[in-house]
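Report on the structure given below.
Both backbone and side-chain heavy atoms feed into the values below; hydrogens, waters and symmetry mates do not. Order of listing sets the numbers, starting from 1, for every ligand and every atom in it.
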Amino acid sequence: MENVYTICGMCTVRCPIMARVENGRIVSLQGNPHVPAMAGGLCPRGSAGRALVEDSERPQAPLIRQGERGEGRWRQVSWDEAFDYVADRLKVVIAEHGARTVAMTDRGGPFRDMHRALLRGLGSPNYCNHDGSCARNVQHANLSVTGLGRKGVAYDYAHARHVVLQMRNIFEAVDVQEVNTLMAAMEKGCRLSVIDIRANVSSTKAHDFFMLRPGTDYAFNLAVIHVLIKERLYDVAYADRYIQGVDDLTQFIEPYTPEWAETETGIAAAHLRQFVRRLADAAPAVIWHPGWMTARYRHSFYVCRSIYMINALLGAFGTKGGLPLANKPGDVGRNGLKKFMDLFPAPEEKRADGVGWRYTHFDKGPGMAHLMFKAMETDNPYPVKAYIAYRHDPLMGFPDPDHLKRILDRLDLLVAVTFSWSDTAWYADVVLPLSTYLERECVLACKNALRPYFFTRQRAVEPCYDTLADWKIVGGLARRLGLPQLDYKSIENIWRFQLEETGVSPEAFAATGMVYLSDRPVYRDRDQLSFKTPSGKIEMVSGHLESHGITSLMPYEALERPPQGEFRLTFGRCATHTQGHTVNNPLLFEQMPENVLWINTTAAAGMGIEDGDRVAVSQNGYSETITAKVTDMIHPEAVFVIHGFGHTCPAESRARGKGLADNKFMQGGLDLWDPAGGAVAFQEHFVSIRKVNESSTEDGAANQTAA
Ligand code: SF4
């Protein structure tokens, strides 16, 4: 029996895990025992990793499309032929249209350096990650308030006295270490407050739960700031020292009383005041989480900004038990990893998505995929002719997949690099199958944290099928595209290159899978904090935003409410599945084969809908059927589904046709995004619901109809 210390790949959290391997097969998976906060555990998805490895319903060899896009006629080819094919097609695109017309998207994360370097080596600036459909508003909000990215602060749950979750469902969108640490803190007396439009699992563990009218989070938060300032509950000494613009903020929040907010949110003014006082009692050891999936409304950026402003007023930034600053290797006197990206100069071309020149207030790094798709559609500012979807399924992850398919049809080349089938892979010209996370090793990565560390993913078992690790796929393409700098013979050589200036050897990872860069968590001196804003302070009025013509203190504007008989379509996560890519996993499918539609009891009664009834969800002539979950635990203006269901890919026999795909009810949604934060506004779509007669044909095996 061998223990292999590696990194889970069943969701983007990437927990440290240990695989027990016997005779080349995985016997069990568990949390890395050398990481105390894992407590040896995994979430349900992490535990189901073995079923992914053994699943025959995933791409098993390189495939080149034969028929029309999406038709599903493939030719299985060797890796040499696949690499030659992709490289030759890329060379033609580059020769005819220029290197800038090649784009790539991925799901971000710590292991992307090499494939980003490949794109940069080709000379294209058009790398995007999925964040425009996820956390871009949070990133931009923290940059505007403290000058730090969203990962520039840690969440010190272990020492927190009050945690507030808003747009962060921690006990379902699980991060194992966060869950364990928060649970332990709550056992020691930490309060938990949850703000949501439905009673999710996190709310069932909370001391306080606020069920808001959908789309009114900003009103709630403005009223919180009002009480903090008017009752002088904020940390005045901290504000005097570190916060700029409190006077402007004081003037701005004048009209936003709890009584005013009550009419918007439905939350009693007295309840809100009591909550704020409790929060102030616990300060500065408080964490108001700024959210993960904040691509919700056209003003969600300002919700995120208000959260960071509240954290600042409570003195939580840079504070033990609050949001202490995360340390990079340099902060603890160590060198970081060498980057493959730095082997190539940054392309001078403007980005196709407009980030950095048309949209100068956005952070350049990972761009905005939906704005890149717009360029693909319009050839403005220039065409995008080749697109590599690298472990990314935009047809499931962005609104309006039919619209996106029409955009993808304009491409000369669409390549999917993936370990599982997806709607995007099925629509591709070439599928390059990645080994599953248990069958591949990765480049080294660095986690910035109170106690920063290097880590890597190690191969636990040999691949079942004809699949390859990322570095081999990048190397195979790089060899043919004239980029020998990325063509490595072994992963050890890659690790040696990355570790050159760190004083750490590749062998150091064998024992636990990670190497800490300090001997303990390092908190910065709270009396010596500095922030990376133009003023060097935490900015209530952002110098960066204002200099780009974006207001810092946005007056509240109520969102349109659903018309009579319609509902706002909302979606979220559960602990059993990760977006779309686990629905076909045999073990997880068995646990949860389809999603259901949450609908409020009173609203359902008005339409004669009972719990368990089949209902039709419709929008603009498009309709699907789903089972209703009738409950008091959701606001009457909204309906809710778990995201990731309603697959159409024929290769996934289990997931295909099961449940409802929320993004199909977001027609026109690719063009609906937050102008200040940049992220897509997923939850600005309304649907109508009606009960379906069980005997009618529309409730047959095929659950989709189009008028
Ligand atoms: S949260 Fe679960 S699925 Fe995600 S990385 Fe951790 S164990 Fe894996």
Side-chain angles (χ1 to χ4, degrees), residues 3-20 26 28-55 58 106-112 130 134-135 151 155 157 165 168-184 200-202 205 289 292-293 391-393 397 419-420 434-442 445 447 449 453 455-461 470 512-514 572-592 642-644:
N3 295 336
V4 180
Y5 299 102
T6 187
I7 299 295
C8 182
M10 293 295 283
C11 85
T12 50
V13 170
R14 300 178 183 85
C15 293
I17 62 170
M18 183 178 84
R20 305 207 78 197
I26 292 161
S28 68
L29 297 169
Q30 65 179 85
N32 186 330
H34 300 284
V35 180
M38 290 301 293
L42 295 177
C43 80
R45 299 158 300 172
S47 306
R50 203 174 86 177
L52 169 68
V53 174
E54 294 172 356
D55 188 3
R58 60 181 171 94
D106 66 15
R107 291 188 55 80
F111 299 124
R112 63 194 165 143
H130 78 297
C134 191
K151 294 183 180 170
Y155 302 110
Y157 295 109
L165 300 178
R168 177 76 184 93
N169 179 8
I170 215 167
F171 291 108
E172 290 188 272
V174 171
D175 171 325
V176 174
Q177 294 188 67
E178 284 194 355
V179 166
N180 287 337
T181 313
L182 178 55
M183 294 278 276
N200 56 31
V201 171
S202 301
K205 299 185 187 304
H289 198 290
W292 268 5
M293 212 307 283
R391 281 199 56 246
H392 186 203
D393 181 12
F419 61 79
S420 58
L434 194 59
S435 301
T436 66
Y437 69 97
L438 291 162
E439 303 169 307
R440 73 180 193 262
E441 56 286 300
C442 286
K447 174 77 174 171
Y453 57 91
F455 64 103
T456 190
R457 178 175 279 145
Q458 316 207 51
R459 183 183 296 223
V461 291
D470 311 63
T512 64
M514 55 213 298
R573 290 270 301 272
C574 66
T576 312
H577 284 298
T578 304
Q579 319 296 8
H581 87 76
T582 60
V583 177
N584 204 54
N585 178 296
L587 287 177
L588 297 174
F589 178 81
E590 192 179 291
Q591 295 295 316
M592 184 179 174
I642 297 293
H643 174 72

**Item:** Euclidean distance, Met18 CE relative to Asn3 CG, rounded to 0.5 Å
**Value:** 4.0 Å
**Prompt:** Roughly how far apart are Asp393 CG and His130 NE2, rounded to 0.5 Å?
**Reply:** 12.0 Å
**Message:** Short of 2.8 Å from atom 8 (Fe) of ligand 1, name each protein N/O/S atom, waters not counted.
**Reply:** Cys8 SG
**Item:** His643: partners by ring-ring contact (aromatic ring centres under 6.0 Å, His included), with sequence neighbours left out
**Value:** Phe571
**Prompt:** In terms of side-chain geometry, is the basic nitrogen of Glu441 or Arg459 positioned less than 4.0 Å from the acidic oxygen of its partner?
**Reply:** yes
**Prompt:** Within the side chain of His581, is there an N or O that forms a donor-acceptor pair under 3.5 Å with the backbone of Met10?
**Reply:** yes
**Prompt:** Relative to each other, are the rings of Tyr155 and Tyr157 parallel, tilted or perpendicular (30° and 60° limits)?
**Reply:** tilted
